[in-house]
Amino acid sequence: MLILSIESSCDETAVALIENGIRVIADITYSQVPIHATTGGVVPEVASREHIVKIIPCIRNLLEDNNISIEDIEAIAVTSRPGLIGALLIGVETAKALAYAWSKPLIPVYHIWGHIYSVYLDRDIADIHLPAIVLTVSGGHNDIYYFKNHNHLQNIGKTLDDAAGEAFDKVAKMLGLPYPGGPYISQLANEGEAFRHDFPQPMLDSGDYNFSFSGLKTAVKYAIQKVDIEKEKAHIAASFQEAICQTLAKKVIQAAKTYNVQSIFVVGGVSANDRLRDIINEHTHNNYSVLYPAQKKYCVDNACMIGSVAYFQYKNTVVEGENIFSIAAQSN
Ligand code: KG4
Ligand code: ZN
């Protein structure tokens, strides 16, 4: 089953062709990062306007460059929430118009589930074992899910304030690094000592799977005020990265133990962080199967993951012999 998928929830205009939820036939991601870097963060109005300009050319190129005709496509998937409302609307309205014009089922996708299913891309399904505990860590979200099966995906923890990626971005700004800060902190941290500053690892004893990074951010802010920032920059980056990654790793492993699962998925922009991967590895001692997106480009926002979750949702929404999304398409 070939799905055309669209993602426009934040600052990437992304489209993809995904077969059976796993195989990426083709994908295009137009990133607005260089534009938003000039203002140090995403300006929603600017993001919406960029999506308007790029979305149709992206879809046209995707189909033409890969010789895909309208008949080859079985359904259209689109991120419907959460995200910037103006940005989401561009993707959703485009998908609705195409689904109507081409008489295809339209599958709305919850963006965070997209990140969760990003582990299915380019993988053999036999290598993915459920139930799993999933850590979703990006700029906009920071959750833990219990993924029992395709019909049971339960949120068991979330951030009470900033998401991990947001904390990376804000600390990067304090250190005078460009946007988005995660990759820059990670690079700078390679030159610093991870235990030079004893930053807090918040909420490890909270008895739940929630996170809070505002105290950690404040600790970094005070540390910066006390030192010669140019000399200490790399140590602060390394110590901050250590504190946040230790917290994420310990919490997700606590959840895996409590829910008695053997699989852990780590997804979202921050899952590209090498130190986070090393720490998880150090703590799990090969007792768990830990899966990350197969390619780093699937960690950050992309349309491939939207096509993946859409396929599995589609397959699991058959009511009285017919798929509810197909019924909706027929009644157009
Ligand atoms: O998943 P994503 O593209 O967007 C959201 O859905 O939010 O994630 C973007 C976030 C940014 O905050 C960025 O700084 C962070 O992921 N990020 C990283 C790394 N690469 C991207 N954070 C830490 N280390 C990285 N290597
Ligand atoms: Zn995302």
Side-chain angles (χ1 to χ4, degrees), residues 1-32 47-111 113-115 117-118 120-122 150 297-298 301-332:
M1 177 181 185
L2 188 67
I3 293 182
L4 166 65
S5 53
I6 300 173
E7 153 65 39
S8 72
S9 66
C10 189
D11 56 350
E12 262 90 33
T13 315
V15 296
L17 290 161
I18 305 298
E19 195 174 59
N20 296 337
I22 289 181
R23 197 166 151 240
V24 179
I25 304 297
D27 68 306
I28 297 177
T29 300
Y30 166 71
S31 174
Q32 302 175 0
S48 306
R49 287 171 186 272
E50 276 300 300
H51 286 308
I52 291 174
V53 173
K54 297 294 179 196
I55 197 146
I56 296 295
C58 282
I59 294 171
R60 186 182 293 133
N61 289 347
L62 184 77
L63 302 187
E64 286 179 3
D65 294 352
N66 296 286
N67 293 320
I68 299 291
S69 68
I70 294 166
E71 291 70 44
D72 298 328
I73 296 167
E74 245 181 90
I76 297 174
V78 64
T79 301
S80 59
R81 69 194 168 104
L84 303 171
I85 187 64
L88 282 168
L89 270 170
I90 312 303
V92 168
E93 292 306 314
T94 304
K96 276 167 72 179
L98 292 179
Y100 180 75
W102 296 347
S103 295
K104 308 283 179 192
L106 177 68
I107 308 170
V109 172
Y110 187 59
H111 179 85
W113 288 17
H115 280 293
Y117 278 79
S118 64
Y120 282 82
L121 298 167
D122 293 351
H150 296 296
K297 71 171 186 174
Y298 302 148
D301 286 350
N302 64 86
C304 304
M305 65 187 196
I306 303 304
S308 178
V309 67
Y311 170 79
F312 290 100
Q313 269 185 27
Y314 191 84
K315 290 282 156 203
N316 283 282
T317 39
V318 175
V319 179
E320 291 171 6
E322 271 203 275
N323 186 287
I324 55 167
F325 296 111
S326 298
I327 297 168
Q330 283 158 23
S331 63
N332 267 335

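Going from atom CD1 of Ile28 over to atom CG of Asn302 covers 13.5 Å, rounded to the nearest 0.5 Å. Atoms CG and OG, on Asn20 and Ser308 in that order, are 10.5 Å from each other to the nearest 0.5 Å. Here Cys58 contributes atom SG and Asp27 contributes atom CG; the two are 10.5 Å apart, rounded to the nearest 0.5 Å. A distance of 4.0 Å separates CD1 in Ile90 from CD1 in Ile52, rounded to the nearest 0.5 Å. Summarising the geometry, atom CD1 belonging to Ile107 is positioned 6.5 Å from atom OH belonging to Tyr314; distances are rounded to the nearest 0.5 Å. From Ile18, atom CD1 reaches atom CD1 of Ile306 across 10.0 Å, with rounding to the nearest 0.5 Å.
Across all their heavy atoms, Asn66 and Ala26 have their closest contact at ND2-CB, 3.2 Å. Closest approach of Leu121 and Met305 over heavy atoms only: CD1-N, 3.7 Å. Considering all non-hydrogen atoms of both residues, Ile59 and Ile6 come closest at CD1-CD1, 3.9 Å. When every heavy atom of Ser9 is checked against every heavy atom of Pro82, the shortest pair comes out as CB-O, 3.7 Å. Nearest heavy atoms, Met1 versus Lys315: SD-CE, 4.5 Å. Between Gln313 and Pro108, the shortest heavy-atom distance links the atoms OE1-O, 3.4 Å.
Close placement of the Tyr117 and His150 rings is indicated, their centers lying within 6.0 Å of each other. Checked against the 6.0 Å centroid threshold, Tyr120 and Tyr311 do not count as a close aromatic pair.
Inter-residue side-chain proximity for Tyr30 and Val53 is flagged as unmet; no heavy-atom pair is nearer than 4.5 Å. Counting heavy atoms from C-beta outward, Thr29 and Asp301 have side chains that stay 4.5 Å or more apart. Residues Glu19 and Leu17 are not in side-chain contact: their nearest non-hydrogen atoms beyond the backbone lie 4.5 Å or more apart.
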With side chain to side chain contact (heavy atoms under 4.5 Å, CB included) as the test, would you mind laying out the steps for Leu89 and Ser48 before giving the verdict?
CA-CA 8 Å; Leu89 270 170; Ser48 306; over 6 Å; no

Working note: Val109 + Glu7, criterion side chain to side chain contact (heavy atoms under 4.5 Å, CB included); need CA distance, chi angles, decisive distance, verdict.
CA-CA 9 Å; Val109 172; Glu7 153 65 39; over 6 Å; no

Can you list the steps and then say if His115 with Val309 is a side chain to side chain contact (heavy atoms under 4.5 Å, CB included)?
CA-CA 9 Å; His115 280 293; Val309 67; over 6 Å; no

For Ile68 and Leu2: C-alpha separation, side-chain torsions, deciding distance, then whether side chain to side chain contact (heavy atoms under 4.5 Å, CB included) applies.
CA-CA 10 Å; Ile68 299 291; Leu2 188 67; 4.2 Å; yes

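Of the possible polar contacts, one joining the His51 side chain to the Cys10 backbone as a donor-acceptor pair under 3.5 Å is found. Under the 3.5 Å distance criterion, the side-chain polar atoms of Thr79 are left unmatched by any main-chain donor or acceptor of Ser8. Within the 3.5 Å criterion, the main-chain N or O of Ile73 finds a donor-acceptor partner in the side chain of Lys104.
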